[in-house]
2 protein chains.
Amino acid sequence: MEKSQKIEALRAISHPVRIAILEELQKGVKCVSDFKAFLSAEGGSVFGKDISQPNISQHLAALRHAGLIDYYIDGRLRCYFLINPIIPDLIELLKKDYPDELPRPKCCPVTKKGTYPGERRR
Amino acid sequence: MEKSQKIEALRAISHPVRIAILEELQKGVKCVSDFKAFLSAEGGSVFGKDISQPNISQHLAALRHAGLIDYYIDGRLRCYFLINPIIPDLIELLKKDYPDELPRPKCCPVTKKGTYPGERRR
DNA sequence: TCCATATATGCAAATATTATTATATTTTTA
DNA sequence: TAAAAATATAATAATATTTGCATATATGGA
């Protein structure tokens, strides 16, 4: 996979609703109604409110154009599935535990002064 | 680290110039002139054109507001460094080799017809 | 002190993203 | 065959992002 495609995938995944959709898709093939149920307030939506059906379709279209998902048809259902292999790894990072910060290089914590490590330009 | 912070990090990293900056930062502390050199046409910029100094500063500010980097001061140099622990892992994914596609579920390759695996709603 | 260097900030224009609403398409069922 | 279900598309409005350009600020050196 090309780097530009990976950047495209990063862009596409950087939205709470689309992340929810992709996480759900990781469990297997899902149709739009599944997402609609999942993203409804009662259905356990992570978001305060319902996400409308057209909005879900738009997010699915965006994910498809970014090459993250595709679908097949069963009657009036569109059955979506993951096709981009970077997605499972990205989702894993989102679940992984991280400390708040990396260790910082030495500098005065008050004045924020320190020394540049390289050669200075002239 | 909170999930919302990770999503924020994904958003912030989803830009070719900012990825270049972050990859450069992974090598160690760098000042703005370092990025300017790196992102100039001669300096080996991945992009066709030069990236202007104000534009670099703007991207650095964006990365800082997203909590990905911070800086200390050495005279008139601002020395930037990574602080968000998810960044090295993300950059690794960008370098990792992936196949073009995941295996697809069974469906007719021409008509795109297949069968929905779950229970149908009524 | 005056000037050059390193970097940031402010603003405007162009563009992109997001959600909402209304409507269209296709398929199934009564 | 008409209505309902599942889903997509289109148009719009509200925002956000991105860039370019001009200018501001701070530091160090002559």
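Since this is a predicted model, take the numbers as computed values, not measurements. Order of the sequence lines sets the chain letters (A, B, ...), proteins ahead of strands, with each chain counted from 1.
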Leu60(A) CG to dT7(D) C1', straight-line distance once rounded to whole Å = 10 Å
For Lys27(A), what residues pass the side-chain hydrogen bond (donor to acceptor under 3.5 Å, both in side chains) criterion, not counting sequence neighbours?
-> Glu24(A)
Applying ring-ring contact (aromatic ring centres under 6.0 Å, His included), name anything that partners Tyr71(A), two or more places apart in sequence or on another chain.
-> Tyr80(A)
In residues 85-92 of chain A, what donor-acceptor pairs under 3.5 Å come from side-chain atoms, sequence neighbours left out?
| unit_1 | atom_1 | unit_2 | atom_2 | d |
| --- | --- | --- | --- | --- |
| Asp89(A) | OD2 | Lys96(B) | NZ | 2.7 |
| Asp89(A) | OD2 | Tyr98(B) | OH | 2.4 |

Mind checking who shares a hydrophobic cluster with Phe81(A), ILVMFWY linked at side-chain heavy-atom distances under 4.5 Å?
-> Val29(A), Tyr72(A), Ile83(A)
Under the side chain to side chain contact (heavy atoms under 4.5 Å, CB included) criterion, do Ile21(A) and Leu39(A) qualify, and how do the steps go?
-> CA-CA 9 Å; Ile21(A) 288 174; Leu39(A) 295 169; 4.2 Å; yes
Contacts of type side chain to side chain contact (heavy atoms under 4.5 Å, CB included), residue His15(B), not counting sequence neighbours = Val17(B), Arg18(B), His59(B)
Residues from residues 64-81 of chain A sitting under 4.0 Å of DNA chain D, heavy atoms only?
-> Arg76(A), Leu77(A), Arg78(A), Tyr80(A)
Rounded distance in Å - CD1 (Ile7(A)) to P (dA16(C)) = 17 Å
Go through the structure and list residues passing side chain to side chain contact (heavy atoms under 4.5 Å, CB included) with Thr115(B), not counting sequence neighbours.
-> Asp74(A)
Spacing between Asp34(A) atom CG and dA5(D) atom P, to the nearest angstrom | 17 Å
What integer distance in Å separates Ile56(B):CD1 from dT9(C):P?
-> 15 Å
Can you give one letter per nucleotide of nucleotides 17-24 of chain D, going 5' to 3': B for a protein heavy atom under 4.0 Å from the base, S for sugar-phosphate only, - for none?
-> SSBBBB--
Partner residues of Lys112(A) under the side chain to side chain contact (heavy atoms under 4.5 Å, CB included) criterion, sequence neighbours left out | Arg104(A), Asp70(B)
